[in-house]
Amino acid sequence: MSKTTHAKIVIIGSGPAGYTAAIYAARAMLAPVMIQGIQPGGQLTITTDVENYPGFADVIQGPWLMEQMEQQALHVGTRLVTDHVNMVDLGQRPFRITCDSGDVHKADSLVIATGAQARWLDLPSEQMFRGHGVSACATCDGFFYKGKDVIVIGGGNTAVEEALFLTNFASKVIVVHRRDAFRAERILQERLFRNPKIEVIWNSVLDDVLGSENPRKVIGAVIRHVKTSAVTEVPADGIFIAIGHSPASELFAGQVEMKPNGYIKTAPFSTATSVPGVFAAGDVTDDVYRQAVTAAGLGCMAALEAERFLAAQHVESVAAE
Ligand code: NAP
């Protein structure tokens, strides 16, 4: 049977922003409740090597880092809830957060840390072959391409990391990028250019996924040169789309102010949203840095700001009495 509970602070999302907010809120004795969502641990659980999270001299694994954060949040007193939020009502106080299980969480303050998800090109053929050779997660699906040829679309950190990771399995990795330079970090680019299994097709985009039915599978890609419009068919067994991420902010549409690109708007140097008592941290609000460590920093800010908000509310209610 579904139940309704009440907390001083609810955190939605369990990436570095959510866990850091939980750790700070728990240590402020606010007894935080964290609703973990469909992919507990967030994007870092589908990456492998992490080399840029400070505090670790050796390369660590993304899933391991998230397990540590979860343990730390639990250890200091966070209540973790394995559920997915399908509705929020920020128009009444306490705020109401409804989950797939039917449970309702009432909250005096809320931290939105729902992160971001991989973007797709939205080609009909891309949709048709998703899960049948088209993927947005090399870590999840790379293993299926042992000894095969794959294409990676994109030129950022994700695309370059995915291409490098795929060389562990594939015999050839072709990176298709729409410009003539990557935006990925220099160190990653150097690794990519040194790897004999990787080939780059510059100034080009994916126009279509070529595939066959029975069984449904990818057999290649139609690649278009953006300057000459020349079209080439490139044979491949798999296509990995790595063109960035969109914020997971739909739940809050019409309730908190958003930027035109869908990221949640916050006050300058703050995590405060347009609704007093609602704070946003991590990739759902940060369209500039989008790093695990900046997400963690924003999570810390959100918890400290929520703590101040709750203290001010308390002073007001005592004064009113
Ligand atoms: P990103 O940096 O936004 O890069 C997206 C790439 O996809 C860009 O090269 C972009 O091309 C290309 N692209 C976008 N839309 C496209 C389209 N419609 N057709 C073809 N190409 C398209 O995204 P990301 O690589 O996923 O990284 C997201 C954030 O996470 C970044 O801040 C990144 O630094 C961070 N990240 C960090 C690490 C790490 O530190 N180890 C790992 C992964 C991600 P243009 O270059 O032409 O814009």
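The basis for the numbers below is simple: all heavy atoms, side chains too, and nothing from hydrogens, waters or symmetry mates. Computed from a predicted model, the values in this text were never measured in an experiment. Note that ligands are numbered from 1 as they come in the structure, with each ligand's atoms numbered from 1 the same way.
Classification of the Phe182-Trp202 ring pair by plane angle, with boundaries at 30° and 60°, yields tilted.
Listed by chain and number, Asn52, Arg119, Leu121, Gly154, Gly155, Gly156, Asn157, Thr158, Glu161, His177, Arg178, Arg179, Arg183, Glu185, Ala242, Ile243, Gly244, His245, Tyr289, Arg290, Gln291 each place a non-hydrogen atom less than 4.0 angstrom from ligand 1.
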Does the salt bridge (Lys or Arg N to Asp or Glu O under 4.0 Å) test come out yes or no for Lys8 and Asp108, once each step is laid out?
-> CA-CA 5 Å; Lys8 287 189 186 127; Asp108 297 330; over 6 Å; no

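Between the Asn157 side chain and the Glu185 main chain, a donor and an acceptor come within less than 3.5 Å of each other. Here the side chain of Thr273 pairs a donor or acceptor atom with the backbone of Val278 at under 3.5 angstrom.
Within the 4.5 Å cutoff, the side chain of Asp83 has heavy atoms near those of the Asp100 side chain.
Counting Ile, Leu, Val, Met, Phe, Trp and Tyr side chains that sit under 4.5 Å apart, directly or through other members, Val111 shares a hydrophobic cluster with Ile9, Ile11, Tyr19, Leu30, Met34, Leu44, Val50, Tyr53, Phe56, Ile60, Trp64, Leu65, Met66, Met69, Leu74, Leu80, Phe279, Val293, Phe309, Leu310.
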